[in-house]
Amino acid sequence: MVWPRQLWLRLQTLLRPNRSAQRLDDEIQFHLEQQTAENIPTGMSPEEARYAAVRAFGNATVLKEKTRDTWGWTWLEHFAQDLRYGLRTLRKNLGFTAVAVLTLALGIGANTAIFQLIDALRLRAIPVKETQQLFTVQLAGTIGVRGDQASRYPVLTNPVWEKLRDQQDVFSGVLAWGSNSFGLAPGGEGRLAQGLFVSGNFFHVLGVRPLMGRVFTASDDRRGCGLPGAVVSYAFWQRELGGDSSAIGHKLTLNYHPVEIIGVTPPGFFGLEVGRSYDVAVPICAQAVLWSEGTWLDEGTVWWLNVMGRLKPGSTREKANAQLAVISPGIFQATLPSNYPGENVKDYLKFRLEAVPGASGVSWLRDQYSESLSLLLGTAGLVLLIACANLANLMLARATTREHEFTVRFAIGASRSRLIRHSMTESLLLALLGGALGLFLAGALSKFLVASLGMDGDAPFLDLKPEWRLLSFTFGLASLTCILFGLVPAVRASRVSPSEAFKSAGRTATASRKRFGFRQGLVVSQVALSLVLVVGALLFSGSLSNLLAVDAGFSQKGVVIASLDLFRRLNVPYAGRVAFKQDLLQKIRALPGVVSAAEVEILPLSGNGTINEVWIEGTNPASRLDSLFNSASDGYFRAMGIALLAGISVHKTRSPLPKSRL
């Protein structure tokens, strides 16, 4: 076959250009010598014979160019030449190069960092197999839901989950899980681990295989199971157990209960909640053992379990929802709690289950910050456009100073397209250098942004490792910036004719006003985009100032907040906690400088709340109002400096003018 040989010859030409050029020179020299030898017997002198041979052969330089064109790698050679020339040019102008690269790095780095968060929160699927088959099972409507909502997400009670697990024929497998934290230390300083209560088939339905040991099965999750074992994450195994290969079978202490480690999950699996990674997983049935204050396994008014299912092959979401609608009445009829408010029993019996896509898991961070990050990405995009306009102006200024260089290159035969390619190659080098440095800066900026996201005091966990979407985004930004600040200056510089360039060398700056029209347009664009950002920043600052000036309704000075974990850290028995807290408050109130001390369930401005309907007996149901509730001990209003407009507040202690309040 001819084409493999041609491909091989072309690869040799590409990999060994000097050798191919030498072979071409040798071949041309051979033909000239042969023709010279044939001309000498005709009576020509050696010099005449050589001249005649060269004249008959033609222009050797042109022939070399045509031959190299037929090899098919000319464009690559030209690109390599432009690349080397561009590197030399940038090295000679280190000041310009440093300013351009740093400007691009900041613009590209900011955009990449924000996109990295958006990718982790919104675009990336949870780390399990065939996520498109996973669906979250939740209530189709929440009107009439009463009880304790122990999660931010659409959750079900354990009785509803057990009925769904036993009766459903919709999915090939269903799972349930709930978040919690466990105390690790048996004594001394307490440490908390992020925990999961999971159903027995949790890992099997997700397709998560253990790295070591085994994961739970259906037989591990049954009523009265005790504490059959714990599955730990890879990060916890490395951090707490030193990555010891003999960790299987070792004992952990969870809430003062010993439990055996039976498995370790792979490094890529962090759970189903984006923004939080789990450390230890135990079966749902173990909740009765780990919580001394009671169990939620039989509570029909505690909503705490996230439920997901994997569709059967060939099934669709519509079919799943149709089957869930059929079995829902029986499930809620069988699980109606005896203590459910009578006013809402009809609502409970009307509840229906539905399936919604669950490929991206659940995430409070996503719900809270998704729109803000999109707005921030748009703002960072405007900053990048301003940077590109600034660099385009600088490139135009450099092109003006290099007109003599372009004139000389035109004169020796360089084409306009070659000059454009050279200028674009130089711009591409700047963009790639800025993109590489920006990708490095994005890592540090992403960590800073993640640390600034709040999750009730817990450090958020986001998988920020680079992947194809992030790299494609960064490369696309680099290419876009290359076009934005490199193409127009390159085209304008290539349009300068040699005669015009020589004439412009003797003109003053004011004589070539037309040449600066485009640069003035870039300046106007920069000012316009900057004005948008400045106005937006002023509006944001004004809104922030107004928020800070709002009267919060309590005195913010001298207030000290303390959170106590009576079970995991202090190991106070459930029955004695009321007396313990009362005694603690009395001791704090007796401290010098303390005006008042109190206990409160929900802190002001914390974002948490307890909501319920309030109405007057016998009134129209439509007049019912949703009201927020809080629980506080005596002395709370005095401690917070909250004045009562009517009524009285009971204080058990009185103190002189305060220095601090707790």
Side-chain angles (χ1 to χ4, degrees), residues 126 128 136-138 147-166 173-184 192-206 208 210 214-233 236 252-265 269-273 275-309 335 358 361-362 364 456 458 461 565 567-568:
I126 51 180
V128 298
T136 298
V137 180
Q138 62 186 34
D148 186 2
Q149 188 82 10
S151 173
R152 301 184 179 99
Y153 313 116
V155 286
L156 304 177
T157 65
N158 187 64
V160 171
W161 148 246
E162 290 181 341
K163 289 296 182 182
L164 174 65
R165 177 196 61 192
D166 297 338
V174 288
L175 61 91
W177 62 277
S179 297
N180 198 260
S181 58
F182 303 130
L184 287 177
L192 294 180
Q194 298 295 336
L196 291 180
F197 287 110
V198 300
S199 60
N201 57 353
F202 177 84
F203 296 102
H204 174 72
V205 173
L206 294 176
V208 177
R214 69 176 184 89
V215 293
F216 300 124
T217 63
S219 60
D220 293 312
D221 183 27
R222 64 188 188 280
R223 291 297 187 97
C225 66
L227 201 54
V231 175
V232 300
S233 69
F236 182 86
L252 280 178
T253 300
L254 301 181
N255 292 355
Y256 305 103
H257 294 277
V259 57
E260 180 182 344
I261 299 175
I262 65 172
V264 179
T265 51
F269 182 73
F270 56 80
L272 300 180
E273 183 177 4
R276 188 189 300 270
S277 177
Y278 90 99
D279 294 322
V280 182
V282 295
I284 292 176
C285 59
Q287 194 260 351
V289 176
L290 291 176
W291 282 16
S292 62
E293 54 263 45
T295 174
W296 285 353
L297 300 184
D298 294 314
E299 288 289 342
T301 55
V302 179
W303 306 81
W304 66 293
L305 288 178
N306 300 269
V307 177
M308 298 183 74
T335 59
V362 296
W364 178 81
D456 293 345
D458 297 328
F461 170 83
D565 189 337
F567 172 53
R568 299 183 183 89

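Atom set for the values below is all heavy atoms of this structure, side chains included, hydrogens, waters and symmetry mates excluded. All residue numbers in this chain count up from 1 along the given sequence.
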Check: Do you know the tightest heavy-atom contact between A288 and L297?
Finding: CB-CD1, 4.1 Å
Item checked: Ion pair check, R222 and E162, cut-off under 4.0 Å -> no
Notebook entry, point to check: Does some side-chain heavy atom of V137 sit less than 4.5 Å from a side-chain heavy atom of L164?
Noted result: yes
Note to self: I want to check something: taking the side chain as every heavy atom from C-beta on, are R214 and D220 in contact at a cut-off of under 4.5 Å?
What the structure shows: yes
Next item on the list: May I have the step-by-step check of side-chain contact (heavy atoms from CB on, under 4.5 Å) for L184 and F236, ending in yes or no?
Entry: CA-CA 12 Å; L184 287 177; F236 182 86; 4.0 Å; yes
Item checked: Over all atoms of both residues, closest heavy-atom pair of L196 and S179 -> CD2-OG, 4.0 Å
Next item on the list: Taking the six-membered ring for Trp and the single ring otherwise, decide whether the centroids of F197 and F182 are under 6.0 Å apart.
Entry: yes
Item checked: Any donor-acceptor N or O pair under 3.5 Å, side chains Q138, Y153 -> no
Item checked: Shortest non-hydrogen contact between V289 and H257, atoms and distance -> O-NE2, 3.2 Å
Check: Closest heavy-atom contact between A286 and C225?
Finding: N-SG, 3.7 Å
Item checked: I284 side chain near W304 side chain, heavy-atom distance below 4.5 Å -> yes
Next item on the list: For residues E299 and T157, report the shortest heavy-atom separation together with the two atoms involved.
Entry: O-CB, 3.8 Å
Note to self: Tell me the closest heavy-atom pair linking W177 and V198, and the distance in Å.
What the structure shows: CB-CG1, 4.1 Å
Notebook entry, point to check: So, T253 side chain and Y256 main chain: donor-acceptor pair closer than 3.5 Å or not?
Noted result: no
Notebook entry, point to check: Is there side-chain contact between T136 and P154, with heavy atoms separated by less than 4.5 Å?
Noted result: no
Notebook entry, point to check: Distance-only, no hydrogens or angles: does the R165 side chain make a donor-acceptor pair with backbone N or O of G173 under 3.5 Å?
Noted result: no
Next item on the list: Quick one: pull up CG in L227 and CD in E260 and give me the separation to the nearest 0.5 Å.
Entry: 10.5 Å
Next item on the list: State whether the side chain of N255 and the backbone N or O of L290 hold a donor-acceptor pair below 3.5 Å, judged by distance alone.
Entry: yes
Next item on the list: Let me know which of N306, V307, L272 forms a side chain to side chain contact (heavy atoms under 4.5 Å, CB included) with L175.
Entry: L272
Note to self: Measuring only between side-chain heavy atoms, which start at C-beta, is Y278 closer than 4.5 Å to V231?
What the structure shows: yes
Next item on the list: Report yes if the side chains of L254 and V282 come closer than 4.5 Å at any heavy-atom pair, otherwise no.
Entry: yes
Checklist line | From Q287 atom CD to T295 atom OG1, the distance as rounded to the nearest 0.5 Å | finding: 4.0 Å
Margin query: Test of understanding: with side chain to side chain contact (heavy atoms under 4.5 Å, CB included), list the residues that count as partners of V208, not counting sequence neighbours.
Written below: V128, F203, L206, T265, P266, F269
Note to self: Please check this pair: side chain of D221 against backbone of S199, looking for a donor-acceptor N/O pair closer than 3.5 Å.
What the structure shows: no
Notebook entry, point to check: Considering only heavy atoms from C-beta outward, does the side chain of L252 approach that of V232 to under 4.5 Å?
Noted result: yes
Margin query: So F216 and P283, do their side chains get closer than 4.5 Å, heavy atoms only?
Written below: yes
